[in-house]
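Because only heavy atoms are used, hydrogens play no part in the values below, and waters and symmetry mates are left out as well, while side chains stay in. Below, chain A is the first sequence line, B the second, and so on; all start at residue 1.
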Amino acid sequence: AQRVTQPEKLLSVFKGAPVELKCNYSYSGSPELFWYVQYSRQRLQLLLRHISRESIKGFTADLNKGETSFHLKKPFAQEEDSAMYYCALKNNDMRFGAGTRLTVKP
Amino acid sequence: GAVVSQHPSRVICKSGTSVKIECRSLDFQATTMFWYRQFPKKSLMLMATSNEGSKATYEQGVEKDKFLINHASLTLSTLTVTSAHPEDSSFYICSARILELSTDTQYFGPGTRLTVL
């Protein structure tokens with residue numbers, strides 16, 4: 001069965017500090033993983049996907065099959081990064097983790 | 001980017017009534033739409049996958065007779081909560097899927113907050 005685990009419900013860092021949002025998955029096949037972000041009072045939107053190997057808004061995420069992880073990282077957090085972040089795994093449908101609320105303090 | 005709308009954005013109804021929520025893809029055709037439910041401070045839970053022109057596929061534990069899904073066209077899917085009860089109060093979110101070349105992307109609607117009194 002596919003499952004996505006985000007162990008931290010809340011994460012708080014100061015502006016300019018590095019941030020890492022953890023995501024672990026379980027899936028028997030080759031996973032396709034995503035990070036979605038939901039800013040306050042806005043809809044859920046795609047942040048990045050592992051197959052693109054892109055950096056969006058300074059965020060990157062590397063798929064580590066050995067550790068079955070897809071952690072989201074940013075070297076210098078900004079206040080506008082404060083949001084709810086969801087890790088998701090796609091098969092035919094999308095399975096979401098419980099989400100991590102990131103707060104970046106000034 | 002692609003836009004998905006939901007209507008209404010918020011609805012309050014009495015227990016026992018039925019409520020219909022619409023999900024539209026505004027500038028693209030979506031053969032597949034998904035319906036999610038989000039509980040307070042919790043993640044999105046997939047309720048069902050809606051395919052145009054065919055019956056929806058429901059996730060385990062989701063009552064198909066209670067949550068009726070119709071995907072009559074490539075741009076519209078509806079979720080009807082029948083005989084709503086207070087425990088059905090939640091935030092319902094739809095997404096529409098685009099398959100372009102080798103890219104498979106879901107775009108989310110803004111959600112509908114249902115409150116059943």
Side-chain angles (χ1 to χ4, degrees), chain A residues 1-12 21-27 29-54 56-57 70 72 83-103, chain B residues 1-7 9-10 21 23-26 30-51 54 56-62 69 71 77 91-113:
Chain A
Q2 58 191 72
R3 190 169 61 241
V4 179
T5 304
Q6 291 179 251
E8 304 144 323
K9 286 188 176 181
L10 302 171
L11 184 61
S12 182
L21 293 91
K22 291 184 169 53
C23 172
N24 289 89
Y25 67 91
S26 61
Y27 183 60
S30 293
E32 190 172 350
L33 287 150
F34 303 79
W35 275 99
Y36 281 84
V37 60
Q38 189 170 28
Y39 300 103
S40 178
R41 297 182 183 178
Q42 293 188 29
R43 71 184 67 195
L44 197 65
Q45 56 185 290
L46 178 65
L47 181 61
L48 54 81
R49 67 183 83 204
H50 90 270
I51 58 174
S52 301
R53 295 185 176 273
E54 58 200 345
I56 303 294
K57 299 184 179 182
F70 188 56
L72 182 69
M84 195 74 181
Y85 291 81
Y86 294 96
C87 182
L89 184 152
K90 189 180 85 70
N91 185 3
N92 289 317
D93 51 55
M94 197 78 77
R95 301 286 167 164
F96 288 84
T100 298
R101 182 170 295 284
L102 173 65
T103 301
Chain B
V3 177
V4 175
S5 71
Q6 276 183 247
H7 177 81
S9 58
R10 159 185 316 257
I21 303 170
C23 177
R24 292 182 186 273
S25 55
L26 296 186
T31 54
T32 304
M33 291 184 173
F34 301 91
W35 285 97
Y36 295 87
R37 183 172 176 176
Q38 187 174 32
F39 294 94
K41 299 183 180 179
K42 293 192 176 181
S43 188
L44 290 83
M45 181 193 78
L46 179 66
M47 298 175 65
T49 302
S50 170
N51 294 299
S54 65
T57 304
Y58 289 82
E59 294 300 301
Q60 193 172 11
V62 178
I69 291 173
H71 194 155
S77 176
F91 196 59
Y92 293 87
I93 302 172
C94 74
S95 72
R97 183 184 195 181
I98 290 181
L99 286 170
E100 291 178 317
L101 299 175
S102 59
T103 302
D104 183 348
T105 304
Q106 286 191 36
Y107 293 91
F108 286 82
T112 297
R113 182 161 301 283

Point to revise | Residue B:Leu46 versus chain A: region with a heavy atom under 4.5 Å | key: side chain
**Study point:** Side chain / backbone / both / neither for A:Gln42 at chain B, heavy atoms under 4.5 Å
**Key:** neither
**Study point:** Which portion of B:Gln6 sits near chain A, non-hydrogen atoms under 4.5 angstrom
**Key:** neither
Practice item. Please round to the nearest 0.5 Å and tell me the distance separating atom OH of A:Tyr86 and atom CD of B:Gln38. Key: 4.0 Å
Study note, to complete from the structure: To the nearest 0.5 Å, atom CG of A:Leu44 lies from atom CD of B:Gln106 at 9.5 Å
Practice item. Would you give the length of the straight line joining atom CG of A:Leu46 to atom OH of B:Tyr107, rounded to the nearest 0.5 angstrom? Key: 7.5 Å
Point to revise | Atom group of A:Arg95 that falls short of 4.5 Å from chain B, counting heavy atoms | key: side chain
Point to revise | Where B:Val4 and A:Arg43 come nearest, the two heavy atoms and their spacing | key: O-NH1, 2.5 Å
